[in-house]
Amino acid sequence: MPFFAGNDTIKELRTALADPAVQADKNRYRQVLRRVVSLMTDGADMSPLFPDIIKASATSDLVQKKLTYLYICNYAAVQQDLALLAVNTLQKDCLEPNPMVRGLALRTMCSLRIPSLVEYIQMPLKKGLQDSSAYVRRNAVNGCAKMLHVAPEIIQDAGVINQLYGMIRDKDPIVVVNCLQVLEEILQAEGGVVVNKNIAHYLLNRVQDFSEWGQCQVLHFLLKYKPSEEEETFDIMNIVDVCLKHSNSGVIMAALKYFLFLTQDMPQIQEQVYNRAKSPLLNIITSGGPELSYVALCHIQYILKTSPGLFNKDFKKFFCRYNDPLYVKTKKLQVLTEMATDGTENDIVEELSMYCTDVSNDLATASIQAIGKIARRLPTSASHCVGTLLKIHGLQQEHITSAVLMALKDLVLLYPDIVSKVTPLLPNCVDLVQEGPAKATLVWMMGQYGHTLPNGPYILEDMIENVASEISVQVKLELLTATAKMFFNRPAECQDMLGRLLEYCIDEDTNMAVRDRALMYYRLLHTDVQQARRVILGAAKRPVQIQDSDAPGQEVIDLKDLNTLVPIYGRRRWDVMVEERRRKEDQTKLTNGTSDNTDMGAKGGEEDNLETLEETIYLVSHYNLTPQEFETKWEQLDCVTTVHLDYDPTHSPNGLLQKLEGAHIFTMASSPEDATPWKAFLFAVAEMKDQTHLVLVELCLDRMAATMQATCKFDADQMEDAVPLISQFGRVFRGQILKTHEYYWEI
């Protein structure tokens, strides 16, 4: 948030800028300008110096021009009237012989983004597109993208678009890439820039002339062109093949994506493309930084979904290194799990077992889980994996024992023949396992297979004695089921403890899920013991199949997802993020309405805005509400919006309340004017769609931060009524006070 520079600082800087001695010394004058820009960057309000900086921009010193133009771009929107004074200097600079000055002036003019100055920018912009200097042409092309948001009718003119298409053949490679990007933005509604055969071949022939960033962008735009003949496809692949050998990982991924796009109808050739890209991807993992390695691993994991055996011979390249960060090691474990085969399983499981003693408990747990996944995926390796897990269990550490139990739970269901190896270990786990999920797993296994142990019922009895101190609801639920199962297998030893457990859960436990399950078991046993036996033990007789959702071959790779964030976040999570972002943008449009470009400080703009609002919302001029009714309503209403506002310290709070009362927003109570913090409670009645809605407001003023927060509550019962009411009332409220810098709502 900007802070106000002292008057002494502003006066000192203004005096220095006007001092002839300082103006005569370039270094001293630059130092003053640097101080102005530094304070501006730190958030100080330097706008009072705008006329002085405009005078300083009329100089031949390039450094001074850069500093002054940076200042002008920052404050032009605040000082729109004075910004017109800078246009004359900028227009003159656009005619300078020095291309650096021309380009800098053109870039500054396009960065002003003031609608009233468009007529002065149009001609220099068109001349800049035809300038002899590549630097000027670059800024002119970028200026078209900036002006698109200020005067779209000028930029979307057919003449400008045709000129930009023609500049794709520019000698300067940066100009070419800029033209493609700007055309993509201008023609977004029509599907973006059109890449035909001639443009595609021209870009391919010049692909080596572009920078690394330029090559990534060109390969991205080439996805818009699909060769019609197989021979043409092979010619293009021969040209782009050099990009797979590039040192930049972005170029490699862009080239791989383009190769897969070209060969999507040729499965055999596509398999060769995967093999061709294998070496560059492995180089990124072994020689790149941890961040690049992680991204490459995510893409490899994504590719393995359609080509599971691609990296079988290179599985050792994915072993963890001692200096890998935890997130890279975890991702390598996931990749190793998915690429394990009958031939590589022994080496991979042996490597994973070594990570179980790592100082990081998370890595040790992940490695044990990875061994369990390999056993589930490869039935032939189950015996070896189970033997490894049993050896790891012998380490007698809590986090290791917990992870081993969690892994064995699925394996005993899939492979019943290993039950005899697992059950003898259960008594040794009772004292080690304390955390909820692992303890619940232990209890489940005791109920499922504990009847084969001589002391099985007594292990459960010890847990029942301490059930009152058990925090985990999951453990209590499993303990109920396990005790009931043990009762049907060994009734004489379990009858008493089952009764005590049911009595506690029904009479004393406060969790409804635990109480309901206990009541269900009690009523089943009270009604028909044999029927209860069939219900409780019946699930154990059914065959079990477990399929990992992340197993290879379960998804079909989408070429559009490569070289994006989808392989990193995952398709489902990415779709949720995109949908959430779209929803927030829609809400922002609803809450802010169509007045994004309205200057709330301009009287005329405010009046026009309020006239528009009157068509949608009307605030009742008279309404009686007692303090008791206000307090009751405030506690009842749950439809809330929060408006954050900048506050001018020169305005008095009482004057603000009078202004709001003039807009029919009435004061219920307020703090003394000099109170810190100052608060006021307001109310209004809004009429919308032939319905009346009561609006309550709590206004809080922070004098030190010069901010104000208004918490508004509404009595709208339906969402379709709440959204427009929140939007319109928020706009009226902030329109009566100051321009908002943050505005959001939540229901």
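All values derive from a computational prediction rather than experimental measurement. When a residue number appears, it is its place in the shown sequence, counting from 1.
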A.B. asks: What do the steps show when you test Ile186 against Ile155 for side chain to side chain contact (heavy atoms under 4.5 Å, CB included), and what is the final call?
C.D. replies: CA-CA 8 Å; Ile186 294 173; Ile155 302 302; 3.3 Å; yes
A.B. asks: Hey, mind stepping through Glu185 and His149 against side-chain hydrogen bond (donor to acceptor under 3.5 Å, both in side chains) and telling me if it holds?
C.D. replies: CA-CA 11 Å; Glu185 186 170 354; His149 303 282; 3.0 Å; yes
A.B. asks: One pair to check against side chain to side chain contact (heavy atoms under 4.5 Å, CB included): Leu85 and Phe50. What are the steps and the verdict?
C.D. replies: CA-CA 10 Å; Leu85 302 175; Phe50 200 85; over 6 Å; no
A.B. asks: So how far is it from Ile174 CD1 to Phe210 CZ, rounded to the nearest 0.5 Å?
C.D. replies: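 Here the interatomic distance stands at 10.5 Å.
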A.B. asks: Is the backbone N or O of Arg34 less than 3.5 Å from a side-chain atom of Ser38, with the two atoms forming a donor-acceptor pair by type?
C.D. replies: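 The answer is no, because no donor-acceptor pair under 3.5 Å joins these two groups.
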A.B. asks: Below 3.5 Å, can you tabulate the donor-acceptor pairs from side chains in residues 97-118 to any protein atom, sequence neighbours excluded?
C.D. replies:
unit_1	atom_1	unit_2	atom_2	d
Asn98	OD1	Met100	N	3.0
Arg102	NE	Asp131	OD2	3.1
Arg102	NH1	Glu96	O	2.9
Arg102	NH1	Pro97	O	2.8
Arg102	NH2	Asp131	OD1	2.8
Thr108	OG1	Leu104	O	2.8
Ser111	OG	Arg107	O	2.7
Ser111	OG	Lys146	NZ	3.0

A.B. asks: Can you sort out the partners of Lys197 under salt bridge (Lys or Arg N to Asp or Glu O under 4.0 Å), two or more places apart, ordered by chain and number?
C.D. replies: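 Listed in chain order: nothing, the list is empty.
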A.B. asks: Testing the basics here: between Tyr302 and Val566, what is the closest heavy-atom pair and its distance to 0.1 Å?
C.D. replies: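 Residues Tyr302 and Val566, closest heavy atoms: OH-CG1, 4.4 Å.
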A.B. asks: Residues in side chain to side chain donor-acceptor pair (under 3.5 Å) with Glu119, at least two apart?
C.D. replies: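 For Glu119 there are no side chain to side chain donor-acceptor pair (under 3.5 Å) partners, ignoring immediate neighbours.
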A.B. asks: Which residues satisfy the salt bridge (Lys or Arg N to Asp or Glu O under 4.0 Å) test with Asp61, sequence neighbours excluded?
C.D. replies: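 Residues passing salt bridge (Lys or Arg N to Asp or Glu O under 4.0 Å) with Asp61: Arg30.
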A.B. asks: Considering all heavy atoms of both residues, which atom of Ala134 and which atom of Val175 are nearest to each other, and what is their separation?
C.D. replies: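 The answer is O-CG2, 3.9 Å.
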A.B. asks: Between Asp172 and Arg137, does any side-chain N to carboxylate O distance fall below 4.0 Å?
C.D. replies: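 The answer is no: the pair does not qualify as a salt bridge.
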A.B. asks: Considering non-hydrogen atoms only, spot the tightest contact between Leu222 and Phe261 and give its length.
C.D. replies: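 Answer, listing the atom of Leu222 first, then Phe261: O-CE2, 4.4 Å.
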A.B. asks: Measure the CE-CD1 distance between Met46 and Ile53 for me, rounded to the nearest 0.5 Å.
C.D. replies: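 If I round to the nearest 0.5 Å, the distance is 9.5 Å.
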A.B. asks: Quick check: are there more than 12 heavy atoms from other residues, nucleotides or ligands sitting under 6.0 Å from CZ of Arg583?
C.D. replies: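 For Arg583, atom CZ is crowded (more than 12 foreign heavy atoms under 6.0 Å).
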A.B. asks: Only counting residues at least two apart or in another chain, list the ones meeting side chain to side chain contact (heavy atoms under 4.5 Å, CB included) with Gln122.
C.D. replies: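 Listed in chain order: Lys126, Ile154.
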A.B. asks: With sequence neighbours left out, write down each residue that passes salt bridge (Lys or Arg N to Asp or Glu O under 4.0 Å) with Arg206, or none if nothing qualifies.
C.D. replies: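 Listed in chain order: Asp209.
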A.B. asks: Could you list the residues that satisfy ring-ring contact (aromatic ring centres under 6.0 Å, His included) with Tyr75, not counting sequence neighbours?
C.D. replies: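 Residues passing ring-ring contact (aromatic ring centres under 6.0 Å, His included) with Tyr75: Tyr71.
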A.B. asks: Tell me if a side-chain donor or acceptor on Gln23 pairs with a main-chain N or O of Leu17 at a distance below 3.5 Å.
C.D. replies: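 Looks like yes, one N/O pair under 3.5 Å.
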A.B. asks: Among all residues two or more places apart in sequence or in another chain, which pass the salt bridge (Lys or Arg N to Asp or Glu O under 4.0 Å) test with Asp19?
C.D. replies: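 Asp19 satisfies salt bridge (Lys or Arg N to Asp or Glu O under 4.0 Å) with no other residue.
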A.B. asks: Output yes when Arg35 and Glu12 qualify as a salt bridge under the 4.0 Å nitrogen-oxygen rule, no when they do not.
C.D. replies: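 Here Arg35 pairs with Glu12 in a salt bridge, since their nearest N and O are under 4.0 Å apart.
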A.B. asks: Rounded to the nearest 0.5 Å, what separates atom SG in Cys216 from atom NE2 in His220?
C.D. replies: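 Output value for this atom pair is 11.0 Å.
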A.B. asks: Could you walk me through whether Ile121 and Val87 pass the side chain to side chain contact (heavy atoms under 4.5 Å, CB included) test, one step at a time?
C.D. replies: CA-CA 9 Å; Ile121 303 173; Val87 173; over 6 Å; no
A.B. asks: Determine whether more than 12 heavy atoms belonging to other residues, nucleotides or ligands lie under 6.0 Å from atom OH of Tyr135.
C.D. replies: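 Counting other residues, nucleotides and ligands, OH of Tyr135 exceeds 12 neighbours.
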A.B. asks: Donor-acceptor pair, distance only, cut-off 3.5 Å: does the side chain of Asp45 make one with the backbone of Ser47?
C.D. replies: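 Yes: the side chain of Asp45 pairs with the backbone of Ser47.
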A.B. asks: Got a donor-acceptor contact below 3.5 angstrom from the Tyr165 side chain to the Val194 backbone?
C.D. replies: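 Confirmed, Tyr165 side chain pairs with Val194 backbone.
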A.B. asks: What do the steps show when you test Leu219 against Leu203 for side chain to side chain contact (heavy atoms under 4.5 Å, CB included), and what is the final call?
C.D. replies: CA-CA 9 Å; Leu219 291 172; Leu203 294 174; over 6 Å; no
A.B. asks: Report, as yes or no, whether the 6.0 Å neighbourhood of atom NZ on Lys226 holds more than 12 heavy atoms from other residues, nucleotides or ligands.
C.D. replies: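 More than 12 heavy atoms, drawn from other residues, nucleotides or ligands, come within 6.0 Å of this atom.
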A.B. asks: List for me each residue that meets side chain to side chain contact (heavy atoms under 4.5 Å, CB included) alongside Gln217, sequence neighbours excluded, and say none if there are none.
C.D. replies: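 Result, side chain to side chain contact (heavy atoms under 4.5 Å, CB included) vs Gln217: Val177, Gln181, Trp213, Phe221.
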A.B. asks: Which heavy atom of Asn196 sits nearest to which heavy atom of Tyr225, and what is that distance?
C.D. replies: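 Result for this residue pair: C-CD1, 3.9 Å.
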A.B. asks: Looking at Ala21, is its backbone amide N or carbonyl O close enough to the side chain of Asp25 to form a donor-acceptor pair, meaning the two atoms are under 3.5 Å apart?
C.D. replies: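 Between the backbone of Ala21 and the side chain of Asp25 there is no qualifying donor-acceptor contact (under 3.5 Å).
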A.B. asks: Can you list every pair that meets salt bridge (charged side-chain N to carboxylate O under 4.0 Å, His left out) and has a residue in residues 73-84, with sequence neighbours left out?
C.D. replies: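 Salt bridge (charged side-chain N to carboxylate O under 4.0 Å, His left out) check on residues 73-84 returns no pairs.
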A.B. asks: Can you measure from CG (Leu82) to CD1 (Ile54) and round to the nearest 0.5 angstrom?
C.D. replies: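 Answer for the CG-CD1 pair, Leu82 versus Ile54, is 5.5 Å.
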A.B. asks: Counting only N and O atoms by type, is there a donor-acceptor contact under 3.5 Å from the side chain of Lys65 to the main-chain atoms of Thr59?
C.D. replies: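 Flag set: sc Lys65 to bb Thr59 pair under 3.5 Å.
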A.B. asks: Looking at Glu212 and Asn248, would you say the former's side chain and the latter's main chain have a donor-acceptor pair under 3.5 Å?
C.D. replies: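 No, Glu212 side chain to Asn248 backbone: no donor-acceptor pair under 3.5 Å.
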A.B. asks: Answer yes or no: are there more than 12 heavy-atom neighbours, outside Lys224 itself, under 6.0 Å from its atom NZ?
C.D. replies: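 Enclosed: over 12 neighbouring heavy atoms sit under 6.0 Å from NZ of Lys224.
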A.B. asks: For Arg14, enumerate each residue passing the side chain to side chain contact (heavy atoms under 4.5 Å, CB included) test, keeping only those at least two apart in sequence or located in another chain.
C.D. replies: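 So Arg14 forms a side chain to side chain contact (heavy atoms under 4.5 Å, CB included) with Ile10, Pro48, Leu49, Asp52.
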A.B. asks: Identify the heavy atoms of Leu244 and Pro280 that sit nearest to each other, and give their distance.
C.D. replies: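 Reported closest heavy-atom pair: O-CG, 3.3 Å.
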A.B. asks: Could you go through the salt bridge (Lys or Arg N to Asp or Glu O under 4.0 Å) check for Arg573 and Glu580 one step at a time?
C.D. replies: CA-CA 10 Å; Arg573 185 179 176 189; Glu580 181 67 15; over 6 Å; no
A.B. asks: Might you point out which heavy atoms bring Gln208 and Cys243 nearest each other, and give the distance in Å?
C.D. replies: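 Shortest heavy-atom contact: NE2-SG, 4.4 Å.
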A.B. asks: Show me the side-chain donor-acceptor pairs of residues 287-299 shorter than 3.5 Å, one per line, residues at least two apart or across chains.
C.D. replies:
unit_1	atom_1	unit_2	atom_2	d
Ser287	OG	Asn283	O	2.4
Ser293	OG	Ile285	O	3.1
Ser293	OG	Gly289	O	2.9
His299	ND1	Val295	O	3.0
His299	NE2	Asn563	N	3.0

A.B. asks: Does atom CE of Met123 have more than 12 heavy-atom neighbours from other groups under 6.0 Å away?
C.D. replies: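 At most 12 heavy atoms, drawn from other residues, nucleotides or ligands, come within 6.0 Å of this atom.
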